[in-house]
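Computed over heavy atoms, backbone and side chain alike; hydrogens, waters and symmetry mates excluded. Keep in mind that this is a model prediction, so the values were computed, not measured.
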Amino acid sequence: MIVVTGATGFIGSNLVAHLNSLGHSDIVIVDWLGNGEKWKNIAKHRFVDFVFPEDLAEFLEKSTDKIEAVFHLGAISSTTASDGDEIIEKNLQCSMKLWRWCTTHQVPLFYASSAATYGDGDLGFDDTADIATLRPLNLYGWSKHAFDRWAIAQAEKQEAPPRWAGFKFFNVYGPNEYHKGDMMSIVAKNHARVIAQEPIHLFKSHRPDFKDGEQLRDFVYVKDCCNVMAWFSEAKRANGIYNLGTGSARSFRDLILAVGAASGLDPDIQYVPMPENLRGKYQYFTQATMQKLKAAGYEARFFSLEEGVADYVRSYLGTSDKFA
């Protein structure tokens, strides 16, 4: 069996769909559904069990000899989260417990880190550099950074799963992100407005070296993320922490123009002031260095921004069934 935590969430549900497409139906979903339409994220997928996170430890002990890999994608993913104790419990302690279990039982572990660990980007976005000097800008980013550092320290002591990798996801977009509210990509937030030909609001720049709407991000399509994760689980790769972006920074304006192009429309982009509370925590530039992943042997081509947005719009957002 393959255990996927956070399996009803955005990246997790897409990973379950991808694993299904590769012939895996022996998947254990670990998550909560809550209210709303989150259940639709997994409505089309095959799995053998559904476990609530609070019951995971008991489940693992009963199923030790059946589990072949763990994908740990469950976490509080809001960059505005402020409850430190809850972050410690759900993002840090839970990850440590899974690491220890996978180490004891020699089960491969693949987990979600984040590009938020890089902070303001002044130290670059190099996944081969020493991470000790990184200073994340928010509590969420710090929690991911703290676990990365802990995992590396454990591995250096030879106290690690037989195969493991952490993935520093950059700006991921794609189907099944609709439950995320303010944390949805601006593709999902603005597609309906583009179709309705309503004004699209992007932040003005508050730095002289960036024009309005020209703040840059490494936008990566969720299908590429799933391809990479599945590739790591298929065979032995070099253990470690890897960037998961495209290696190409693009502007928010480019992203909205791609939504318009995929919809056959010319968006009306307007620029609004950035909220004061975000200005000191805002990343104006992110771009993953991808040499480490390539050196590990990954050779598949990533979607370009225009290709990924077109697939998202035409296969999901612009259809009667937007779920993957």
Asker: Would you mind listing every salt bridge (Lys or Arg N to Asp or Glu O under 4.0 Å) that reaches into residues 194-217, with sequence neighbours excluded?
Answerer: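 Checked against salt bridge (Lys or Arg N to Asp or Glu O under 4.0 Å) - neighbours excluded - the pairs reaching residues 194-217 are R193-E198, R207-D209.
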
Asker: Pairs of donor and acceptor atoms involving the side chains of residues 48-58, under 3.5 Å and at least two apart or interchain, shall be tabulated with distances.
Answerer:
{"unit_1": "E54", "atom_1": "OE1", "unit_2": "W32", "atom_2": "NE1", "d": "3.0"}
{"unit_1": "E58", "atom_1": "OE2", "unit_2": "K62", "atom_2": "NZ", "d": "3.0"}

Asker: Would Y173 and Y221 count as a close aromatic pair, with their ring centres under 6.0 Å?
Answerer: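 So the answer is yes for these two rings.
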
Asker: For R301 and E307, what are the C-alpha separation, side-chain angles and deciding distance, and is it a salt bridge (charged side-chain N to carboxylate O under 4.0 Å, His left out)?
Answerer: CA-CA 12 Å; R301 178 180 173 274; E307 291 167 342; 2.9 Å; yes

Asker: State which residues pass salt bridge (Lys or Arg N to Asp or Glu O under 4.0 Å) with R314; sequence neighbours excluded, sorted by chain then number.
Answerer: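 With neighbours one apart ignored, the set is empty.
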
Asker: Looking only at atom types and distance, does a side-chain atom of Y140 sit under 3.5 Å from a main-chain N or O of T117, one as donor and one as acceptor?
Answerer: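 Side chain of Y140 to backbone of T117, a donor-acceptor pair under 3.5 Å: no, none is there.
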
Asker: Considering the options W164, F71, W231, which one meets the ring-ring contact (aromatic ring centres under 6.0 Å, His included) requirement together with F110?
Answerer: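 Exactly one pass, corresponding to F71.
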
Asker: Under 3.5 Å, sequence neighbours excluded: what are the donor-acceptor pairs made by side chains of residues 287-296?
Answerer:
{"unit_1": "Q287", "atom_1": "OE1", "unit_2": "A249", "atom_2": "N", "d": "2.8"}
{"unit_1": "T289", "atom_1": "OG1", "unit_2": "F125", "atom_2": "O", "d": "3.0"}
{"unit_1": "T289", "atom_1": "OG1", "unit_2": "N243", "atom_2": "ND2", "d": "3.3"}
{"unit_1": "K292", "atom_1": "NZ", "unit_2": "D127", "atom_2": "O", "d": "3.3"}
{"unit_1": "K292", "atom_1": "NZ", "unit_2": "I241", "atom_2": "O", "d": "2.7"}

Asker: Kindly work out whether a path of hydrophobic side-chain contacts (I/L/V/M/F/W/Y, heavy atoms less than 4.5 Å apart) joins L216 to L123.
Answerer: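 Yes; tracing contacts between hydrophobic side chains, which count when under 4.5 Å, links both residues.
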
Asker: Looking at residues at least two apart in the chain, or sitting in another chain, which of them share a side-chain contact (heavy atoms from CB on, under 4.5 Å) with S63?
Answerer: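 Once residues adjacent in sequence are excluded, the partners of S63 under the side-chain contact (heavy atoms from CB on, under 4.5 Å) criterion are M1, F59, I67.
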
Asker: State yes or no: do L15 and M183 share one hydrophobic cluster built from I, L, V, M, F, W and Y residues joined by side-chain heavy-atom distances below 4.5 Å, directly or via other members?
Answerer: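 Different clusters: L15 never reaches M183 through Ile, Leu, Val, Met, Phe, Trp or Tyr contacts under 4.5 Å.
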
Asker: With hydrophobic residues grouped by side-chain heavy-atom distances under 4.5 Å, do Y284 and L134 end up in a single group?
Answerer: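 Y284 clusters together with L134.
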
Asker: Side chains of E159 and W99: do they bring a donor and an acceptor to under 3.5 Å?
Answerer: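 No, because no side-chain N or O of E159 sits under 3.5 Å from a partner of the opposite role on W99.
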
Asker: Can you name the residues that form a salt bridge (Lys or Arg N to Asp or Glu O under 4.0 Å) with D122, not counting sequence neighbours?
Answerer: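 Partners of D122 by the salt bridge (Lys or Arg N to Asp or Glu O under 4.0 Å) criterion come out as none, since no residue qualifies.
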
Asker: Under a single-linkage definition using a 4.5 Å side-chain heavy-atom cutoff for Ile, Leu, Val, Met, Phe, Trp and Tyr, are V272 and I269 assigned to the same hydrophobic cluster?
Answerer: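 Linked, V272 and I269 end up in one cluster.
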
Asker: Would you say the side-chain atoms of H18 pair up with the backbone N or O of A230, donor to acceptor, closer than 3.5 Å?
Answerer: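 Absent.
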
Asker: What I want to check is whether the side chains of S248 and T246 have a donor and an acceptor closer together than 3.5 Å.
Answerer: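 No.
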
Asker: Taking atom CZ of F170 and atom SG of C225, what is their separation to the nearest 0.5 Å?
Answerer: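 The distance works out to 11.0 Å.
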
Asker: Tell me every residue that passes side-chain contact (heavy atoms from CB on, under 4.5 Å) with R46, counting only those two or more places apart in sequence or in another chain.
Answerer: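 Here the qualifying residues are N20, S25.
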
Asker: Check the hydrophobic clustering (I, L, V, M, F, W, Y; side-chain heavy atoms under 4.5 Å; chains of links allowed) and say if L137 and W142 are grouped together.
Answerer: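 No, L137 and W142 fall in different hydrophobic clusters.
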
Asker: Sequence neighbours left out, what passes salt bridge (Lys or Arg N to Asp or Glu O under 4.0 Å) with R253? Give chain and number order.
Answerer: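 Testing R253 for salt bridge (Lys or Arg N to Asp or Glu O under 4.0 Å), a comparison that skips the adjacent residues, returns none.
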
Asker: Determine the minimum heavy-atom distance between S95 and H72, stating which atoms define it.
Answerer: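 Result for this residue pair: OG-NE2, 3.0 Å.
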
Asker: Got more than 12 heavy atoms from elsewhere within 6.0 Å of CD, E299?
Answerer: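 At most 12 heavy atoms, drawn from other residues, nucleotides or ligands, come within 6.0 Å of this atom.
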
Asker: Report yes if the distance between the aromatic ring centroids of F219 and F252 is under 6.0 Å, otherwise no.
Answerer: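 Yes, close enough.
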
Asker: Which residues pass the salt bridge (Lys or Arg N to Asp or Glu O under 4.0 Å) test with K44, sequence neighbours left out?
Answerer: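 For K44 the salt bridge (Lys or Arg N to Asp or Glu O under 4.0 Å) partners, ignoring immediate neighbours, are D321.
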
Asker: Which residue pairs pass the salt bridge (Lys or Arg N to Asp or Glu O under 4.0 Å) test with at least one member in residues 170-183, sequence neighbours excluded?
Answerer: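 Sorted pair list comes back empty.
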
Asker: Any side-chain donor paired with an acceptor under 3.5 Å for T8 and N41?
Answerer: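 The answer is no; no qualifying pair exists.
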
Asker: Between T286 and D218, do the side chains contain a donor N or O and an acceptor N or O under 3.5 Å apart?
Answerer: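 The criterion, which ignores hydrogens and geometry beyond distance, is not satisfied for T286 and D218.
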
Asker: Testing the basics here: between G141 and P136, what is the closest heavy-atom pair and its distance to 0.1 Å?
Answerer: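 Shortest heavy-atom contact: C-CB, 3.5 Å.
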
Asker: For I76, which residues count as a side-chain contact (heavy atoms from CB on, under 4.5 Å) partner, sequence neighbours excluded?
Answerer: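 Counting only residues at least two positions away or on another chain, I76 forms a side-chain contact (heavy atoms from CB on, under 4.5 Å) with A81, E86, I87, K90, N91.
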
Asker: Rounded to the nearest 0.5 Å, how far does NE2 of H206 lie from CE of M274?
Answerer: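 Taking CE in M274 and NE2 in H206, the distance rounds to 5.0 Å.
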
Asker: Verify the ring-centre separation between F232 and Y242: is it less than 6.0 angstrom?
Answerer: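 Yes.
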
Asker: Among all residues two or more places apart in sequence or in another chain, which pass the side-chain contact (heavy atoms from CB on, under 4.5 Å) test with M96?
Answerer: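 Once residues adjacent in sequence are excluded, the partners of M96 under the side-chain contact (heavy atoms from CB on, under 4.5 Å) criterion are L92, R100, F147, W150.
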
